[in-house]
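Shown next, in structure tokens, is the structure this report addresses.
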Amino acid sequence: MARSHHCAELNLKHIGSSISLSGWVDTVRDLGGILFVDLRDRRGITQVKFDPNLDKAIAEKASHLKQESVISVQGKVTKRPEGTENSNLPTGQVEIEATNLEILNISDTPPFPLDDAGGDKVNEDLRLTYRYLDLRRPKMRRNLLARHKATKSIRDYFDSQEFIEVETPALFKSTPEGAREYLVPSRIHPGSFYALSQSPQQFKQILMVAGVERYFQIARCFRDEDLRADRQMEFTQVDVEASFVEREDIYNLFEGMLKKLWKDVLNQDIQTPFLRLPFVDAMNRFGVDKPDMRFGLELVDLTETFKASSFKVFQGVATTGGSIKAFNAKGLADLTQGELKALEDIAKSLGAKGLAFIKVEGGEWKSPIVKFFSDAEKAEITRTLALQEGDMVFFAAASWDKACAILGRIRLEAAALLQKRGKLTIRHEDWKFLWVVDFPLMTLDEEAKRFVATHHPFTSPVPEDAGLLDSAPHKVRGQHYDVVLNGMELGGGSIRIHNPELQKKVFEDVLKIPADVVENRFGYMLKAFTYGAPPHGGIAFGLDRMVALLCGTTSIRDVIAFPKTQKGQDLMAGSPTPVTEKQLKDLHITTVIPT
RNA sequence: GGGGUGGUAGCUCAGCUGGUUAGAGCGAUACACUGUCACUGUAUAGGUCGCGGGUUCGAGUCCCGUCCAUCCCGCCA
């Protein structure tokens with residue numbers, strides 16, 4: 001038998017037993033005569049003793065071991081001598097007196113340290129090149145385990161709610177309305193392509209028409225967009241859809257899932273129901289549609305205050321439909337020139353002309369713009385922002401959405417600066433869940449000068465707004481909801497349109513997609529809806545982001561076994577690669593490499 | 001497509017205003033060491049300073065280009 005026990009279970013109860021262990025050499029401590037090996041498997045570490053007084057040949061053999069070699073050891077569990085116990089190890093009361101050693105594979109010296117602290121500092125490209133070594137690190141092993149627990153918890157939950165998991169195709173047809181897609185050439189149909197599914201959205205709605213009623217899937221999705229710390233080209237969605245539901249049903253269902261998930265993975269109790277925050281309030285108070293509510297620094301609106309101001313920059317914006325927003329970065333008056341410059345650059349990158357501010361220092365307002373303010377304006381600023389010594393106020397004057405976006409970002413940066421100074425504490429495990437609701441159904445695409453669906457074109461309007469679809473599409477609220485945690489969008493969904501006429505109207509009259517294109521792309525769906533489509537709705541959320549949060553990491557690469565780099569490469573296997581002429585010929589493809 | 005940061009020994013980093021033979025810690029190798037647990041001690045080896053070009057008497061250092069990684073903007077219905 002290769003092993004009778006694993007490396008985390010032996011203790012005083014096993015003393016005297018003959019056992020066998022297999023695993024990797026974590027460390028070798030050769031004291032000249034006696035020699036200790038920390039033997040590691042996926043469960044933990046056990047100390048093995050090689051004593052030349054007991055067996056000279058085995059001790060000699062062990063002295064040639066290198067770290068990360070794979071060995072199998074037979075021996076007897078013994079109590080460690082008084083004073084040599086290791087309280088840091090669960091197995092630290094005992095050790096194995098080796099009676100036999102089998103060297104299964106000697107390892108080359110690893111190219112980087114495999115402990116948590118050392119490995120964390122290593123360049124990520126090196127970790128990705130040797131991912132099999134990186135994954136041996138305790139932290140990465142924990143992350144893989146947490147992901148497994150999360151998916152198991154989710155499957156158990158939906159099963160208990162009588163949802164069934166249905167697989168849908170990865171090879172779908174191209175629908176260029178959404179994210180850029182990965183195309184797959186058809187060998188059998190020259191010149192035609194599949195698209196890798198960017199989400200199972202259309203199939204899950206069809207499953208509702210099919211009478212499945214309660215569907216979920218842990219589904220792989222593909223999007224050919226630029227990568228980020230929280231975005232990979234292929235990622236995993238927990239995709240859910242149910243018939244005969246309203247928004248409240250989805251909120252309850254999903255809150256239940258998250259409650260169980262947090263309990264199963266972290267053994268923590270989270271509070272439900274979550275706060276419901278309308279989109280407009282989220283923007284006005286936090287400047288984003290995914291607010292981090294673990295800290296304040298909320299935005300205020302000063303548009304009215306500055307409508308008659310002698311400060312022309314603000315007055316001009318305030319009287320021409322724009323907004324003047326501000327917030328108090330409490331205690332940040334000691335911000336350095338460099339930090340201020342960095343904030344200005346961020347503001348400008350978001351379309352601000354500059355970043356107006358007031359520093360309250362030594363009882364005075366230090367600011368390049370304050371000389372333009374009247375006493376009444378100053379009083380109003382002091383009152384609404386609760387200004388005190390040591391505070392720092394930032395302003396944005398622009399269109400409403402731009403002003404919100406600028407300060408929303410500056411608010412996050414200011415919070416980071418305050419945290420660095422120890423003036424603000426933001427705890428990772430302070431779980432502030434919320435639903436953001438009442439999104440506008442349509443958003444005006446400035447470039448294309450037409451409306452685009454905020455969420456997707458299948459989202460149902462809020463019933464009382466449906467009459468505005470023709471006259472004022474941007475005023476129509478959608479039955480769309482996002483679940484947000486600590487500044488991260490975990491997922492979103494909506495109650496869908498189940499009426500084929502309404503769906504057709506949204507495609508053709510509101511989104512202005514030509515009728516023949518609608519028929520070509522979505523005709524099958526509209527047709528399906530004519531055969532008794534039940535009212536339905538659902539939600540999808542990013543499993544990778546969720547697991548990253550559970551593991552306390554900001555990069556989803558840390559919770560994906562084999563992620564790709566920002567340029568979409570697999571550094572270990574070396575994809576993508578060119579292919580042979582024959583392969584291309586079979587697929588009726590010719591390539592043109594840009595020079 | 002754009003902006004920021006980084007690339008010096010196997011790993012993590014230092015290397016000021018250009019100036020002799022580019023350093024440290026960890027790791028590796030060898031030897032010593034019989035109760036260590038990140039063992040310890042002594043010694044040794046290890047470098048195309050990402051790559052290409054330029055300025056200069058002289059470039060790790062300055063300039064231009066380029067590649068890679070990463071963070072962000074655009075993008076992600």
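Naming: A, B, ... by sequence-line order, numbering from 1 per chain.
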Roughly how far apart, to the nearest Å, are G18(B) and C64(B) at atom P?
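G18(B) and C64(B) have their P atoms separated by 16 Å.
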What distance do Glu241(A) atom CD and Gln205(A) atom CD have between them, rounded to the nearest 0.5 Å?
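Interatomic distance, Glu241(A) CD to Gln205(A) CD, rounded to 0.5 Å: 5.5 Å.
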Base of C11(B) and ring of Phe112(A) stacked, centres under 5.5 Å, planes under 30°
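One would not call Phe112(A) stacked on the C11(B) base.
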What nucleotide, of [options], holds the atom closest to the side chain of [X]?
| X | options | result |
| --- | --- | --- |
| Val122(A) | C11(B), C37(B), U70(B) | C11(B) |
| Glu225(A) | C39(B), C72(B), C76(B) | C76(B) |
| Asp30(A) | U70(B), C33(B), G35(B) | C33(B) |

Heavy atoms under 4.0 Å, any strand shown: does Arg557(A) hit a base, just sugar-phosphate, or nothing?
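Here Arg557(A) touches the backbone only, sparing every base.
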Using a heavy-atom cut-off of under 4.0 Å over every strand shown, decide if Asn53(A) touches base, sugar-phosphate, or nothing.
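The residue Asn53(A) makes base contact.
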Residues Arg80(A) and Glu85(A) bridged, charged N to O under 4.0 Å:
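No, Arg80(A) and Glu85(A) are not salt-bridged.
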Provide, to the nearest angstrom, the distance between the CD1 atom belonging to Ile346(A) and the C1' atom belonging to C71(B).
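Atom CD1 in Ile346(A) sits about 11 Å away from atom C1' in C71(B).
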Taking everything shown except Tyr130(A) itself, do over 12 heavy atoms lie less than 6.0 Å from its OH?
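Open.
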Parallel, tilted or perpendicular: which one describes the rings of Phe507(A) and Phe522(A), with boundaries at 30° and 60°?
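Parallel, since the angle between the ring planes stays under 30°.
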